[in-house]
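Here the structure is laid out as structure tokens; the discussion comes afterwards.
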Amino acid sequence: MRAVLLSIAAGLLAVLGLLGYFYGVIVPRVPAIDAVVDYRPKIPLRIYTADNVLIGEFGEEHRDFLAIEKVPAMMKNAVLAIEDTRFYSHGGVDWIRAAGAARANLRGGFREGASTITMQVARNFFLTRDKKLGRKADEIALAFKIEAALKKDKILELYMNQIFLGRRSYGFSSAAQAYFGKRLDQLSIAEMAMLAGVPRDPVGNNPAVNPRNAKKRQMIVLRRMRELGYLDDTQYAAAKEEPMRIAAKRQEFDIHAEYVAELARQAVFEQYRDEAYTRGISVYTTILKAEQDAAYDSLRRNVLAYDQRHGYRGPESFIDLPSDAQERADEIREELRKRPVSDGLAATVVTEVSGKLVAVETMDGERIEISGAGLRFVAPALAPAAKAAIKLRPGAVVRIAQDRVKDKDKDSKTWSIVQLPQVQAGFVAIDSATGAYHALVGGFDYGLNKYNHVTQAWRQPGSAIKPFVYSAALEKGFSPGTRILDEALSMPSGANGATWSPQNDDGKFDGEVSMRRALVHSKNVPTVRLLRAIEVGYGHEYLGKFGFDLARHPKNLTMSLGTGAVTPLQLAGAYAVFANGGFSVKPYLIARITDGNGTILLETPAPAVADETLRVIDQRNAFMVDSMLRDVTRFGTAAGATRALGRNDLAGKTGTTSDAFDGWFAGYAGNVVGVAWMGYDDPRSLGGREFGATLAMPIWVDYMRAALDKRPAKERPAPEGVLREDDDWIYAEYAGSSEFKTIDMNELPALPDDGAEPGEPGEPGEPGQAPAPGTPAAPQPQFNHGAESQAGG
């Protein structure tokens, strides 16, 4: 008896000693729980369109904070069933479960855990996952402090928003998007059970990485839910049989606006620095989803069309295929893993080649057979005499794309062999009245080339600059009906006594042409004569009205043919002046910024429309240039635009630089201004038969087809102060005067002394000034720069 009493006393002393140590040493040393009491989840920066479509997310942790009352009851049941059945009845530690875990651990090391949800919250916020006694004691102490400070629902809310669930997802709401592409309240019971099984081992139970393990864990969760009465027999049976459809990759955005998202990210980071990525900031842009989709699809489609016109360059690489099937599959998978991903252009490896069929294997091991029209592009690579560098053979790495084929009997999909384009392009559209962006695509593929060709690429505009020269001439008294001599012109170039002789694209001269005809058909020599008549200095300074960087434009006659440098965004803002009646606009992207609580941090005031303090050219000037630009799309180098869209209110100008280094189209209709550009980052010719009308205008047309779908055509009424004379418009104050009727029709005027030789070529910018860092070097302008033809320019 005495021995028993001594044992009891010793046990009590041991317990008291442990309690004393726990409360005297462990409890004081654990950190304060401010992080859970005042929980501020790290919510990433999110970028949206104007119509509230997510286009970008930035931050190390993907997280959507969801208040506990908005978490579906079945999701909570699934978590409690597998993680902490007695959560609402224990005080932070489940001693019944702990006893069971202790017995299991004593049999063979620390294999079984007994952490409650509260203890997991403590560990996730303050501790490591190491299974050590010291860490477990700290975990228990913190759990008691958390239970004393917070209500049970709040603790569960912390857990369900903080726990890591793989795929960079934190919290169940984010994981629902990551694995299933759905909101949490859209998940089925089976999907909720699968997510509930992930926290114990986010790698081993990850349904995307280890679907077999995830399925086993899901079954355990479902059985436990049935045992606890959370599911009836029907629900349980259905959930067990439901097939899992895991997204191939994290589903984040259903719109391609990567360049837009990056512009917005840069703007927010500049103001909020690292906090931008953690405080739940949302940025609402002015981008419209439907128009962004149209711009992206149009640019991709037309870049690929250009690439197809210029022939197959051969496979991306070659590999040797092992004879063993498994080794061959592994080799193919390893090679394709190295290939950059591009939307719709899948990398594959050729496994079989005959004259009429090519079989390829995908990353997933799928065999695809391509024949007929799908091989037309690579026909030269299938010829017996094809060079080794381009010849298709087993082991060749090629891209394939899926084409939709429609006929009266069926709608099917076929495959074609294609290639990644080397050429680049850019497109931007803005509201002509406010400057708000409608769409922006900075290149063919953001994943392949993050350089934004809309905002960063300074390129020669070619004939797209001509309307601004003609606008300057109107202010000097000339009119669209002014007659200009279109004959050969030779002038000193300032280079070893050589002469400069600008040429028209077709090498022909029409004698006497009107200003209107010269612009409509993009005549070079009359444009040079026009700039000479108004004087280079005046024309150069006049460009500043439209927001051009004058330092990037030569102060000589080549300026009239577009030997300066502009960005597509800058050109869009400039053309907006003609579109809106003469007002300067400042393109802007961000409409408002809010924090994680929805509080507005910044809001862009609605820009004033037709504010006379922003007028930069006379309304009459804008009207006359508009009338000439409309004729460009009706009868001139851009007549294909009107034929394609069937509207009479289109206005715009093509631009093709010397040797077709750059192709442009800038135009507008229905209050939307769009600018398209195509070229190589390392400037080289796009082809002798390529012009702005074949390169850039199709991008513009395809976009405008969507953007103008519900915008009625509008004619522009003639403003006060203009009259019709000689069948064209003229400023009223010059009516009846003969002073500005002709240019060079009788004799050549003396060369103006403006400090620069008339034909002196120059790089964009002041002499000796290098292009901006990261800017692709503009090609050396040639004297026939800007030449175009009605058929192609």
Side-chain angles (χ1 to χ4, degrees), residues 47 49-51 55 257 259-264 267 283-296 298-299 425-442 452-457 461 464 467-468 545-549 566-592 604-611 614 616-617 622 625-626 629 649-653 655 664-677 696-697 699-711 714:
I47 317 295
T49 64
D51 32 5
I55 61 177
Y259 291 97
V260 176
E262 175 58 16
L263 278 178
V283 180
Y284 297 88
T285 69
T286 60
I287 295 293
L288 302 172
K289 181 186 184 302
E291 294 191 27
Q292 180 67 23
D293 286 340
Y296 175 82
S298 174
L299 186 143
F427 179 82
V428 63
I430 65 173
D431 186 295
S432 63
T434 66
Y437 287 74
H438 284 199
L440 183 150
V441 186
N452 191 328
H453 296 84
V454 167
T455 61
Q456 294 176 284
F468 306 98
K545 292 177 176 289
F546 299 90
F548 292 116
D549 182 352
V566 301
T567 66
L569 179 61
Q570 193 181 66
L571 200 59
Y575 270 78
V577 176
F578 297 137
N580 65 31
F583 301 95
S584 172
V585 297
K586 183 178 181 180
Y588 74 100
L589 177 63
I590 296 176
R592 72 182 187 280
T604 303
V609 176
D611 181 353
L614 300 176
V616 290
I617 63 172
V625 174
D626 174 78
L629 290 177
D649 65 333
L650 307 180
K653 183 70 186 73
W664 294 85
F665 188 78
Y668 54 88
N671 293 331
V672 180
V673 180
V675 172
W677 164 86
M697 193 174 76
I699 300 174
W700 186 90
V701 166
D702 287 349
Y703 164 80
M704 281 294 188
R705 184 175 287 111
L708 301 178
D709 182 45
K710 297 180 181 180
R711 298 172 187 262
K714 292 182 180 179

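Side chain of Trp677 to backbone of Ala696: no donor-acceptor contact under 3.5 angstrom is found. In this structure a side-chain-to-backbone donor-acceptor pair under 3.5 Å is missing from His438 to Ile430. A donor-acceptor pair is defined here as one N or O able to donate and one able to accept, closer than 3.5 Å; no such pair exists between the side chain of Asn580 and the backbone of Ala433.
For the atom pair OG of Ser432 and CG of Asn671, the computed distance is 4.5 Å after rounding to the nearest 0.5 Å. With values rounded to the nearest 0.5 angstrom, Thr455 atom OG1 is found 11.5 Å from Gln570 atom CD. Note: Gln456 CD to Leu263 CG = 8.0 Å, rounded to the nearest 0.5 Å. For the atom pair CG of Leu589 and OH of Tyr284, the computed distance is 14.5 Å after rounding to the nearest 0.5 Å. In this structure, CG in Asn452 is found 5.5 Å from CG in Leu440, a value given to the nearest 0.5 Å. Interatomic distance, CG of Leu299 versus CG of Asp702, reported as 10.5 Å (0.5 Å rounding).
Here Ala651 pairs with Asp626, Leu629, Arg630, Tyr668 under the side-chain contact (heavy atoms from CB on, under 4.5 Å) rule; sequence neighbours left out. Remark: Lys289 pairs with Asp293 by the salt bridge (charged side-chain N to carboxylate O under 4.0 Å, His left out) rule, at least two apart or across chains. Legend: residues meeting side chain to side chain donor-acceptor pair (under 3.5 Å) with Asp51, ordered by chain and number and at least two apart, are Thr49. With sequence neighbours excluded, no residue forms a salt bridge (charged side-chain N to carboxylate O under 4.0 Å, His left out) with Arg592. Legend: residues meeting salt bridge (charged side-chain N to carboxylate O under 4.0 Å, His left out) with Asp431, ordered by chain and number and at least two apart, are absent. Considering only residues two or more places apart in sequence or on other chains, Thr286 meets the side chain to side chain donor-acceptor pair (under 3.5 Å) condition with none of them.
Inter-residue side-chain proximity for Tyr703 and Val672 is flagged as met; some heavy-atom pair is nearer than 4.5 Å. With a 4.5 Å cut-off on side-chain heavy atoms, Tyr575 and Pro467 count as touching. Under the 4.5 Å side-chain criterion, counting only non-hydrogen atoms from C-beta, Gln292 is in contact with Val260. Residues Val609 and Thr434 form a side-chain contact, since some pair of their non-hydrogen atoms from C-beta on lies under 4.5 Å apart. You'll find the side chain of Phe583 stays beyond 4.5 Å of the side chain of Val577, heavy atoms only. The shortest side-chain heavy-atom distance between Val625 and Phe468 does not fall under the 4.5 Å cut-off. A heavy-atom distance below 4.5 Å is not found between the side chains of Pro607 and Val585. Inter-residue side-chain proximity for Trp664 and Lys653 is flagged as unmet; no heavy-atom pair is nearer than 4.5 Å.
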Begin from the C-alpha positions of Phe665 and Val701 and carry the test side chain to side chain contact (heavy atoms under 4.5 Å, CB included) through to its verdict. CA-CA 10 Å; Phe665 188 78; Val701 166; over 6 Å; no
Step by step, work out the side chain to side chain contact (heavy atoms under 4.5 Å, CB included) result for Phe427 and Val454. CA-CA 6 Å; Phe427 179 82; Val454 167; 5.6 Å; no
Determine, step by step, whether Glu291 and Arg711 satisfy the salt bridge (charged side-chain N to carboxylate O under 4.0 Å, His left out) criterion, reporting the C-alpha distance in whole Å, the side-chain angles of both residues, the deciding distance to 0.1 Å, and the verdict. CA-CA 13 Å; Glu291 294 191 27; Arg711 298 172 187 262; 3.7 Å; yes
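Scanning both residues, Leu650 and Ala669, for their nearest heavy atoms gives CD2-CB, 3.6 Å. Heavy atoms only, all atoms of each residue included: Trp700 and Val675 are closest at CD1-N, 4.3 Å. Across all their heavy atoms, Ala464 and Leu571 have their closest contact at CB-CD2, 4.1 Å.
Between Phe578 and Phe546, the distance separating the two ring centers is shorter than 6.0 angstrom.
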